[in-house]
Amino acid sequence: MLDKDSLSVSRTPIRPNSNWREQLREGFCDPDSLLTFLGLESNVAPASRRPDFPMRVPRAFAERMTAGAMADPLLLQVLPDPDEARAHPGFGTDPVGDLDSRSAPAVLHKYQGRALLMTTGACAVHCRYCFRQHYPYAGQTIGPRRWQEALAYLARNEDIEEVIFSGGDPFMLQTRKLCELTRDLASLPHIRRLRIHTRMPVVLPDRVTAHLQAWLSELPWPVVIVIHANHPQEFDPSVDHALERLRLTGAHLLNQAVLMRGINDQVHTLARLMERGFLAGVLPYYLHLLDRVAGSKRFEVDEPIARELLHGLRIRLPGYLVPRLVREQPGEPFKLPVL
Ligand SMILES: *Cc1c(COP(=O)(O)O)cnc(C)c1O
Ligand code: SF4
């Protein structure tokens, strides 16, 4: 049964410090301080320190973790682990072949009609399962010169109908910068849709400012925003409120999640995730099998178990709340359905 509390949508005022840039600076950036905040013993193994991909967690997200719970599903997504330093066969630094699909600086053109733009390498949170955790962002995101080259590529390829802002997290850019990008894109007549992949409405809901809303409302294309929540506990009234502000702009809201051992590999957890998202106005999109990126092995769920979980969801949920279970396979023309 769903408990009523976790399913009610209420509206709370914005946090006292609603400046999202300050909140970014005030986030947790070392495991000891986060564990102490949660009342947990901080005996973090030195081996789990990763200068190349350090811990990063906004307080707004940490506040949704359960104090005293080492196995909290939000904590496990962000806490570095000594196993990240170990090599495992089959796990590499570019699991989905991103580097081979670069078409211009900062552009990944892997699928027909859709081009993905690496808007920034930065994120508000560092998810330990992230498939781009080893991506060589330096020199591969849009700087001034590279943006002109990327734009020229998009202009030349008239079959591109959808531009996807990705990264990193596009909402890490200042709204002013986002306005510049879409102003330039608006000069390309073949663009018909804009998609934005972002985890910020979930991990730092105050990022959805009035200025951001105004920008979204005025875009000349239908907009799809794909948020990224893996567990129902990631939603709270502040997230509901941010998502409501996004919906008010007319954007379509979808959620994608990664299936992860010990975090959401239970039918009831996944069902609650889909139902809780729906209450916040979000429909499920993809449920991804883990991309086998170096450092993420502890999260892997075997495919037969994934199939069983999806079967369980089909039994319990209306069709529109069942996500598409997919695996990304380099070289394939779409993300492969698993079931
Ligand atoms: C996932 C992805 C897309 C979008 O694929 P959809 O199946 O339309 O969501 C586009 N480009 C790249 C490089 C991707 O990885
Ligand atoms: S927010 Fe997305 S891109 Fe950023 S670390 Fe998490 S999974 Fe990776």
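Each ligand, and each atom within it, is numbered from 1 in the order the structure gives.
Residue contacts with ligand 2 for C127 involve both N, CA, C or O and side-chain atoms from C-beta outward (heavy atoms, distance under 4.0 Å). Only the side chain of E328 comes within contact range of ligand 1, with a heavy atom under 4.0 Å; no backbone atom does. Contacts of R102 with ligand 1, taken as heavy-atom pairs under 4.0 Å, are absent altogether. The side chain of Y286, and not its backbone, has at least one atom closer than 4.0 Å to an atom of ligand 1 (non-hydrogen atoms only; side chain from C-beta on). Under 4.0 angstrom from ligand 1, the non-hydrogen atoms of I164 all belong to its side chain.
In this structure, atom 12 (C) of ligand 1 lies nearest to the protein heavy atom L116 CD1, 3.6 Å. C123 SG, 3.6 Å is the protein heavy atom nearest to atom 3 (S) of ligand 2. From the protein, the heavy atom lying nearest to atom 2 (Fe) of ligand 2 is H228 ND1, 4.3 Å.
When side chains are defined from C-beta on, L116 does not count as touching Y111, because their heavy atoms never get closer than 4.5 Å. A 4.5 Å side-chain heavy-atom check between I196 and L216 finds at least one atom pair inside the cut-off.
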| task | Dump the intermediate steps for salt bridge (charged side-chain N to carboxylate O under 4.0 Å, His left out) on D240 and R247, then the final yes or no. | result | CA-CA 10 Å; D240 292 331; R247 266 187 301 132; over 6 Å; no
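Classification of R316 and E275 as a salt-bridged pair fails, no side-chain N sitting under 4.0 Å from a carboxylate O. Salt bridge R59/E63: absent, no basic N to carboxylate O contact under 4.0 Å.
Listed by atom number, the atoms of ligand 1 under 4.0 Å from K110 heavy atoms are 13 (C), 15 (O). Interface atoms of ligand 1 facing Y285, defined by a heavy-atom separation under 4.0 Å, are 6 (P), 7 (O), 8 (O), 9 (O). Residue R199 approaches ligand 2 through these ligand atoms, each under 4.0 Å from one of its heavy atoms: 1 (S). Numbered from 1 in the order shown, with element, the atoms of ligand 1 that lie under 4.0 Å from a heavy atom of K335 read 1 (C), 2 (C), 3 (C), 5 (O), 14 (C), 15 (O).
There is no side-chain donor-acceptor pair under 3.5 Å between W20 and T209.
For R195, the closest heavy-atom approach to ligand 1 falls below 4.0 Å. Using a 4.0 Å cutoff on heavy atoms, D169 does not count as a contact of ligand 2.
Distances between N or O atoms of R132 and those of ligand 1 include no value under 3.5 Å. Ligand 1 has no N or O atom lying under 3.5 Å from any N or O atom of Y111, backbone or side chain.
Other residues, nucleotides and ligands contribute over 12 non-hydrogen atoms within 6.0 Å of the CZ atom of F37. Heavy atoms from other residues, nucleotides or ligands lying under 6.0 Å from CZ of R307 number more than 12. No more than 12 heavy atoms of other residues, nucleotides or ligands lie within 6.0 Å of NE2 in H311, so this atom counts as exposed by the packing criterion.
Side-chain atoms of E162 do not come within 3.5 Å of backbone N or O of G113 as any donor-acceptor pair. Within the 3.5 Å criterion, the main-chain N or O of S101 finds a donor-acceptor partner in the side chain of S103.
Counting backbone and side-chain atoms alike, C130 contributes an N/O/S atom closer than 2.8 Å to atom 8 (Fe) of ligand 2.
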